[in-house]
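One structure below.
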Amino acid sequence: MNLGLDEKTAIVLASSRGIGKGIAKGLAEEGANVIIASRDEEVLQKVAAEMNKETKGLVKYKTCDMANADSIKSLVQFTINEFGSIDILVNNTGGPPKGVFTDFDDEDWMKAHELTFLSYVRAIREVLPYMEKNGGGRILNNTSSSIKQAIDGLLLSNVYRNAIMGLTKTLANELAEKNILINTIAPGKIKTDRLENTLSKIAKDKNMSIDEAEQSTIKNIPLGRLGTPEEFAKLAVFLCSEANTYITGQAMLVDGGLVKSIH
């Protein structure tokens, strides 16, 4: 299948590691020019160098604080300066702090709102004029399996990830006539640094080995294992590609069958 990604320009946010890095590499392997972004310039520089040795597309990097509106504007302008257009936006951020309702005050809620939800709004707002000028584009919002089934102890994430789904559904209607397709993709248990840190904490708290903590985590996954960023990226790349011509406004889980909800 020809994905039609040669010479397309993509921005992938929070892409110095984990799922974001996997998506960025997947796009570049298919020939897209990719801007990777995060707050850690040293890591970005290393990742871009690695990808440029291994992929067809050209990968460049720019530091970006997703909680800062001016930083997002600067990233988009940098992309235009480097490649002249923007065809693909992959929204992605780290998750807000863990906790239950009584753990959070107004400041916690506002920080989570700005990082986890408003950052996506700002990035979309900045890229839309360029996508409209191009006659179309693809937007992909990375969220969490909590859009289908709430996760205990992740109140802030549960709330704002679902807000992103509302944004996606609404914008799918508004942007369809402009040939801009927008979807949400949601990971289950994907083997990233964040998940490995979680497994380490579980192991410490329950006085078990890391392997035992992992086995406890995957026991409810029908495929019987954790996913990888590369597996997650396969669907993400398709949804961002020219091969996707009729999927918009949808939420898709990459979770090995973990979530059992039929809704």
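If you read the sequence from its start, that first residue is 1, and numbering goes on from there.
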Side-chain ([X]) to main-chain ([Y]) donor-acceptor, under 3.5 angstrom:
X      : Y      : answer
Asn244 : Phe238 : no
Asp87  : Thr9   : yes
Thr55  : Glu29  : no
Tyr160 : Pro96  : no
Ser74  : Asp70  : no
Asn158 : Ile151 : yes
Glu54  : Met51  : no
Asn162 : Ser146 : yes
Asn134 : Gly136 : no
Asn33  : Gly57  : no

If Ile, Leu, Val, Met, Phe, Trp and Tyr residues are connected whenever their side-chain heavy atoms lie under 4.5 Å apart, and connections chain through other members, are [X] and [Y] in the same group?
X      : Y      : result
Met1   : Leu5   : yes
Val121 : Trp109 : yes
Val90  : Met252 : yes
Ile124 : Ile88  : no
Val127 : Val12  : no

Side chain to side chain, [X] and [Y], heavy atoms closer than 4.5 Å:
X      : Y      : value
Arg122 : Lys73  : no
Phe104 : Leu156 : yes
Thr79  : Tyr130 : no
Asn220 : Leu258 : yes
Leu171 : Asn173 : no
Leu128 : Leu175 : yes

Rounded to the nearest 0.5 Å, how far does [atom2] of [Y] lie from [atom1] of [X]?
X      : Y      : atom1 : atom2 : result
Ser85  : Lys8   : OG    : NZ    : 8.0 Å
Lys169 : Glu174 : NZ    : CD    : 14.0 Å
Gln149 : Ser144 : CD    : OG    : 10.5 Å
Leu140 : Asn92  : CG    : CG    : 9.0 Å
Leu167 : Thr143 : CG    : OG1   : 11.5 Å
Glu231 : Ile19  : CD    : CD1   : 11.5 Å

Before accepting this row, confirm whether a basic side-chain N of the pair [X]/[Y] lies closer than 4.0 Å to the acidic partner's carboxylate O.
X      : Y      : answer
Lys191 : Glu214 : yes
Lys111 : Glu107 : yes
Lys148 : Asp255 : no

Crowding at [atom1], [X] (>12 non-hydrogen neighbours, <6.0 Å):
X      : atom1 : value
Lys62  : NZ    : yes
Glu41  : CD    : no
Asp106 : CG    : no
Asp105 : CG    : yes
Asn81  : CG    : yes

- request: Apply salt bridge (Lys or Arg N to Asp or Glu O under 4.0 Å) to Lys56 and Asp6, showing your working.
  value: CA-CA 9 Å; Lys56 290 196 301 179; Asp6 283 329; 3.5 Å; yes

- prompt: When you look at Thr184 and Thr168, which way does the side-chain hydrogen bond (donor to acceptor under 3.5 Å, both in side chains) test go after all the steps?
  reply: CA-CA 7 Å; Thr184 294; Thr168 301; 2.8 Å; yes

query: Is it true that the NZ or CZ of Lys60 lies under 6.0 Å from the centre of Phe83's six-membered ring and within 45 degrees of the ring axis?
result: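 Output yes; distance and angle both within limits.
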
